[in-house]
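Chain A is the first sequence line, chain B the second, and so forth, proteins listed ahead of strands; every chain is numbered from 1.
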2 protein chains.
Amino acid sequence: MNEHVIPLDAEAHAVERPEDHHDDLRLWLRLLTCTTLIEGEIRRRLRDSFDVTLPRFDLMAQLDKAPDGLTLSELSKRMMVSNGNVTGLVERLVESGHLVRETSKTDRRAQVIRLTPLGRAEFRAMAEEHEGWIAEMFCELTPREREDLMRLLAKTKMSTRRAIEGARP
Amino acid sequence: MNEHVIPLDAEAHAVERPEDHHDDLRLWLRLLTCTTLIEGEIRRRLRDSFDVTLPRFDLMAQLDKAPDGLTLSELSKRMMVSNGNVTGLVERLVESGHLVRETSKTDRRAQVIRLTPLGRAEFRAMAEEHEGWIAEMFCELTPREREDLMRLLAKTKMSTRRAIEGARP
DNA sequence: TCTGGATATTTTAAGTTTAAAATAACTCGA
DNA sequence: TCGAGTTATTTTAAACTTAAAATATCCAGA
């Protein structure tokens, strides 16, 4: 008897006390763990296989997608890091012969950054390996699951952007 | 005419050339973007509201969950950062009166780290706000979507762990 | 007991990262 | 043209982060 009685706190997942956001916190921690795990492994493999750091790889990836080059501001916006950070990264990559910088013809404040042929060649070689590594990380997800995850992350991104917008308009 | 002809590369999503992992790469970049967005905003709010850095908050969060304290190794494993990193963070948090460290009674190599009453009080105050901020970021997702995302991230985590295990046993 | 290997932590050097202040150049309206 | 406000970049100081080497301690077996 009584096996059909619905307890007051049935469906624990749906219980919502005011201000009870533990599940969201767990969701965030899991998101963070996934990213940290993948990022750490990619960092390790880039170092072991190509002796390059992840920030440098990321910066070159942005430039590879922009054949006409990018300004430092544009780079820092796309990489979501500070301006000063990009200044230092570019400095070291110019030093090592992977990038060139020239003053914009239309705006003397702006520097246009480009990959050198060496930089592009090295990046392309790394990128091919890198893409395989990433596929490896997701290999246990079905195509359907990957689509779902993509969609849910897109929604999370939009939700977060609006939360940020709302807080600092 | 011909509008019903199915082109050779119909259903772009299903087209799978050998070694074509662009979708996985996009999935990874989206995951990274979400994490970076949220992390950046949390960092900003912690600074503005409590004048604390994110790494310090994260470290205190680990200790708050472990009433008996943790060793530096245990901390670095849980935070997924290097040992040396934790050494420095703990040093500064002891300096500011938020942590205490004592040598383990059973292993003279190990330091047990604990929150001080001050550290715990300050952390609890921050954590309450923090939880609300996180909920804000996810607020446009339905409960069902949050569950799905949680599940998919769990699967991603497992998939990644095995990829890492497989590469360096 | 002694010793080799494992574990816990610290140190070191180099690089990354941020926030904030400083510098320089642009824009646009009075 | 002048000047206020904006934008692009650099500089600065402090903190964070990693990988690798160095120390110190533990542990298990000969």
Next on the checklist: What is the separation between atom CD on A:Gln111 and atom P on C:dT23, rounded to the nearest whole Å?
Outcome noted: 18 Å
Checklist entry - Distance check: side-chain N/O of B:Arg109 vs OP1/OP2 of C:dT10, anything under 4.0 Å? => result no
Checklist entry - Quick one: B:Arg43 CZ to D:dC16 P, roughly how many Å, whole number? => result 10 Å
Checklist entry - A:Arg44 near the nucleic acid: base, sugar-phosphate alone, or nothing, with a heavy-atom cut-off under 4.0 Å? => result nothing
Checklist outcome for this item: Writing each nucleotide of DNA chain D 5' to 3' as (, ), [, ], | or . by Watson-Crick or G-U pairing under 3.5 Å yields ||||||||||||||||||||||||||||||
Item to check | Interface with DNA chain D, restricted to residues 81-98 of chain A and to heavy atoms under 4.0 Å | outcome: A:Asn83, A:Gly84, A:Thr87
Checklist entry - If you count the non-hydrogen atoms of other residues, nucleotides and ligands that lie under 6.0 Å from CG in B:Asp51, is the total more than 12? => result no
Item to check | Same cluster (ILVMFWY, side-chain, under 4.5 Å), B:Met79 and A:Leu29 | outcome: yes
Next on the checklist: Can you pull out the residues from residues 58-78 of chain A that lie within a 4.0 Å heavy-atom distance of DNA chain C?
Outcome noted: none
Checklist entry - Between D:dA15, C:dT10, D:dT25, which one does the side chain of B:Arg56 approach most closely? => result D:dA15
Checklist entry - Which heavy atom of A:Phe138 sits nearest a heavy atom of B:Ser159, and at what distance? => result C-OG, 3.7 Å
Item to check | For B:Ala66 against B:Arg78, the heavy-atom pair lying closest together | outcome: CB-NH1, 4.4 Å
Checklist entry - What does B:Thr53 touch in the nucleic acid at a heavy-atom separation under 4.0 angstrom: a base, only the sugar-phosphate, or nothing? => result sugar-phosphate
Next on the checklist: With a 4.0 Å limit, can you tell me whether B:Arg47 has a side-chain N or O closer than that to the phosphate oxygens OP1/OP2 of C:dT18?
Outcome noted: no
